[in-house]
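Contents: one structure, followed by commentary.
In what follows, residues are counted from 1 in the order of the sequence shown.
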Amino acid sequence: MLKTGLKGREQAIVSLSKSAKEMGSGSLEVFATPAMIALMEMTANESVKALLPQECISVGIEINAKHIKASKVGSLITCESFLSKVEGKKLSFNIIAYDEEGKIGEATHNRVIVEKDKFLAKL
């Protein structure tokens, strides 16, 4: 059962493939904002995945993120999510990302629980 207070934690190493230059979001070889957002969404998703009914998944519907500080290639990025609200099938998260030197980003993120087959049938 999903309850507020549920926490998630994921980590990633900044590689060239996750750099702003490689992802097209900038021209430098630093951790790209899209890569940070993907890690944030993954952290929230992974934190609830095992608690959902087998036929269900969660899908991201909104994220409001701030990328506060750059991280160099080779940095270890840690992302922590906190389930702050459960409203029926809607899940709200607060998320923080940091590297070895401190906080690099923060976000609020909403996900919705859907039945996988019904979701795909609508496409």
**Q.** Spatial distance of atom CG (Asn45) from atom CE (Met40) [nearest 0.5 Å]
**A.** 15.0 Å

Q. Is it the case that Ser75 and Asp99 place a side-chain donor and acceptor less than 3.5 Å from each other?
A. no

**Q.** Lys21 backbone acceptor or donor facing Glu29 side chain under 3.5 Å
**A.** no

Q: Go through the side-chain N and O atoms of Thr108 and Asn64 and say whether any donor and acceptor fall under 3.5 Å apart.
A: no

Q) Between the side chains of Thr78 and Gln11, is a donor N or O closer than 3.5 angstrom to an acceptor N or O? A) yes

Q. Linking I/L/V/M/F/W/Y whenever any side-chain heavy atoms sit under 4.5 Å apart, do Leu123 and Ile61 land together?
A. yes

Q. Does Lys103 reach the side chain of Lys69, with side-chain heavy atoms less than 4.5 Å apart?
A. no

**Q.** Leu91 side chain near Asn110 side chain, heavy-atom distance below 4.5 Å
**A.** no

Q) For the side chain of His109 and the backbone of Glu62, is there at least one donor-acceptor N/O pair under 3.5 Å apart? A) yes

Q.
Could you check whether any side-chain N or O of Arg111 sits under 3.5 Å from a backbone N or O of Ser58, counting only pairs where one atom can act as donor and the other as acceptor?
A. yes

Q. So do the side chains of Ile95 and Cys79 get within less than 4.5 Å of each other, counting heavy atoms only?
A. yes

(Q) Using the rule that Ile, Leu, Val, Met, Phe, Trp and Tyr join whenever any side-chain heavy atoms are under 4.5 Å apart, tell me whether Ile96 and Ile77 fall into a single cluster. (A) no

Q. With no hydrogens and no angle check, is any side-chain donor or acceptor of Thr43 less than 3.5 Å from a backbone partner on Leu39?
A. yes

